[in-house]
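Okay, structure first, notes after.
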Amino acid sequence: MKKSSLNRALLVLAVIVVVLSIWGPERLAAYREQSILDRIESQEEETDGEGYRYQLNANEKLYILSQCLNSRTQPETELSAQTKAEDASYQELTGAYAFVVNRKGPSGSEITDEEVYETVNEGLAVLKELGILPDSIARVQAGDYGATLYSAIDVPEPRNNVAVWKVSLRGSLQNTNKENRLIDAYMDADDGKIYEFYVRRQMDWEDVDADALIAAWSSYMGLDAPEVYETDNPLLETTPYFKKYIFSGMGDERTIVTVGFYDGIDELFLKISK
């Protein structure tokens with residue numbers, strides 16, 4: 001009798017195992033599907049989107065912009081900026097660095113077309129207070145200048161990019177008196193700081209304290225202290241009146257910044273391109 005009961009129990013257990021092996025996985029899958037239906041789950045995903053930029057420090061931004069300016073193959077005048085075929089499509093760029101017109105316009109955090117001239121004037125005022133520019137340099141008038149927004153892009157790592165406004169005296173005014181005027185400037189489209197400038201003022205190179213000027217400018221930009229770039233090559237510039245400085249860049253790379261003066265046209269400049 002006991003043996004018969006044991007056999008029945010084993011038979012029932014075998015039936016249960018068979019049923020579970022057939023029906024169990026299907027029911028479990030259905031249960032899991034039901035548990036995630038009608039639920040929205042979000043997941044942060046890193047993308048290489050065109051408008052996305054890493055938070056670069058001042059030395060890194062300076063380095064990227066300098067490399068992009070050095071890689072240009074033609075002058076970036078106002079006319080060429082209007083007629084160039086390039087846009088800021090990162091997928092179509094070639095080379096290590098590219099400097100292209102940003103035809104999509106400022107993003108929500110960048111200086112707009114309406115703000116650019118007043119922001120330049122604010123930047124010029126700060127440079128005058130710091131002794132970088134003479135007080136005689138006139139304010140920028142919107143009707144006399146053109147402004148173009150550019151993207152300086154590290155092509156292999158396009159999220160490393162810097163947006164800058166180039167502000168230039170209009171070509172139609174090239175034959176007017178330029179004394180005490182800004183000729184060209186590159187301005188950061190995020191914070192309005194001025195990277196490069198060319199200004200006209202009656203003066204001599206002996207009147208320029210290049211070391212004091214670069215020290216004030218590097219502090220204004222938030223850069224590390226520079227070193228003097230020692231060179232005996234007078235052909236690095238088209239003027240004999242210049243002094244070059246080295247700033248740390250990205251990784252082990254460096255950026256060269258030049259303070260110089262064109263004697264014939266009385267033009268003082270600070271530039272980060274070679």
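For the single chain, residues carry numbers from 1 onward in sequence order.
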Taking the side chain as everything from C-beta on, heavy atoms only, tell me whether [X] gets closer than 4.5 Å to [Y].
{"X": "Phe261", "Y": "Thr239", "answer": "no"}
{"X": "Ser109", "Y": "Asp190", "answer": "yes"}
{"X": "Asp184", "Y": "Val167", "answer": "no"}
{"X": "Arg181", "Y": "Val199", "answer": "no"}
{"X": "Val101", "Y": "Thr148", "answer": "yes"}
{"X": "Leu62", "Y": "Val162", "answer": "no"}
{"X": "Ile246", "Y": "Val228", "answer": "no"}
{"X": "Leu182", "Y": "Tyr145", "answer": "yes"}

Legend entry - Those residues that, when tested against Glu196, pass salt bridge (Lys or Arg N to Asp or Glu O under 4.0 Å) (two or more places apart): none
Inset, instruction - Please determine if Glu267 and Arg200 form a salt bridge, counting it only when a charged side-chain N lies under 4.0 Å from a carboxylate O. - result: yes
Under the rule for side-chain contact (heavy atoms from CB on, under 4.5 Å), what residues qualify as partners of [X], not counting sequence neighbours?
{"X": "Glu115", "answer": "Ile111, Thr112, Thr119"}
{"X": "Asn233", "answer": "Thr231, Leu235, Leu236"}
{"X": "Asp154", "answer": "Tyr97, Pro156, Glu157, Asn160"}

Legend entry - Ile132 vs Phe197, side-chain contact (heavy atoms from CB on, under 4.5 Å): CA-CA, chis, key distance, verdict: CA-CA 11 Å; Ile132 298 171; Phe197 60 77; 3.8 Å; yes
Legend entry - Partners passing ring-ring contact (aromatic ring centres under 6.0 Å, His included) against Phe242 (at least two apart in sequence or in another chain): none
Legend entry - Under the ring-ring contact (aromatic ring centres under 6.0 Å, His included) test, residues paired with Tyr117 that sit two or more places apart: none
Inset, instruction - Can you sort out the partners of Glu60 under side chain to side chain donor-acceptor pair (under 3.5 Å), two or more places apart, ordered by chain and number? - result: none
For the residue pair [Y] / [X], report whether a side-chain donor-acceptor contact shorter than 3.5 Å exists.
{"X": "Asn102", "Y": "Ser151", "answer": "yes"}
{"X": "Asn70", "Y": "Ser273", "answer": "no"}
{"X": "Thr258", "Y": "Lys244", "answer": "yes"}

Inset, instruction - Only pairs at least two apart or in different chains count here, so list each side-chain hydrogen bond (donor to acceptor under 3.5 Å, both in side chains) that has a residue in residues 218-227. - result: Asp224-Ser248
Legend entry - Partner of Asp188 by salt bridge (charged side-chain N to carboxylate O under 4.0 Å, His left out), out of Lys166, Lys61, Lys193: Lys61
Legend entry - Residue that, paired with Ile194, satisfies side chain to side chain contact (heavy atoms under 4.5 Å, CB included) out of Leu133, Leu127, Val126: Leu127
Nearest heavy-atom pair of [X] and [Y]: which atoms, and what distance?
{"X": "Cys68", "Y": "Ser71", "answer": "O-OG, 2.8 Å"}
{"X": "Thr238", "Y": "Tyr262", "answer": "OG1-CE2, 3.4 Å"}
{"X": "Ile153", "Y": "Pro158", "answer": "CG2-CA, 4.0 Å"}
{"X": "Val259", "Y": "Trp205", "answer": "O-CH2, 3.6 Å"}
{"X": "Trp217", "Y": "Tyr195", "answer": "CZ2-O, 3.3 Å"}
{"X": "Leu56", "Y": "Ile64", "answer": "CD1-CD1, 3.6 Å"}

Legend entry - Sequence neighbours excluded, every pair satisfying salt bridge (Lys or Arg N to Asp or Glu O under 4.0 Å) that has a member inside residues 201-216: Asp211-Lys243
Inset, instruction - Can you tell me which residue pairs pass the salt bridge (Lys or Arg N to Asp or Glu O under 4.0 Å) test with a partner in residues 118-135, sequence neighbours excluded? - result: Glu118-Arg139
First locate atom [atom1] of [X], then atom [atom2] of [Y], and finally report the distance between them rounded to the nearest 0.5 Å.
{"X": "Tyr63", "Y": "Ile256", "atom1": "OH", "atom2": "CD1", "result": "11.0 Å"}
{"X": "Leu223", "Y": "Asn57", "atom1": "CG", "atom2": "CG", "result": "8.5 Å"}
{"X": "Gln67", "Y": "Ile272", "atom1": "CD", "atom2": "CD1", "result": "9.5 Å"}
{"X": "Lys271", "Y": "Ser66", "atom1": "NZ", "atom2": "OG", "result": "12.0 Å"}

Inset, instruction - Output, in order, the C-alpha distance, side-chain angles, deciding distance and verdict of side-chain contact (heavy atoms from CB on, under 4.5 Å) for Asn59 and Thr255. - result: CA-CA 8 Å; Asn59 285 75; Thr255 305; over 6 Å; no
Inset, instruction - Indicate, with yes or no, if the rings of Phe269 and Tyr198 have centres closer together than 6.0 Å. - result: yes
Legend entry - Ring center gap for Phe99 and Tyr150 short of 6.0 angstrom: yes
Legend entry - Val140/Leu124 under side-chain contact (heavy atoms from CB on, under 4.5 Å): CA gap, chis, key distance, verdict: CA-CA 9 Å; Val140 168; Leu124 293 177; 3.9 Å; yes
Inset, instruction - Kindly indicate, with the supporting measurements, whether the criterion salt bridge (Lys or Arg N to Asp or Glu O under 4.0 Å) is fulfilled by Arg170 and Asp144. - result: CA-CA 6 Å; Arg170 290 190 181 277; Asp144 295 342; over 6 Å; no
Inset, instruction - For side-chain contact (heavy atoms from CB on, under 4.5 Å), just list the numbers for Ile183 and Ser168, CA-CA rounded to whole Å, side-chain angles, deciding distance to a tenth of an Å, and then say yes or no. - result: CA-CA 6 Å; Ile183 306 302; Ser168 303; over 6 Å; no
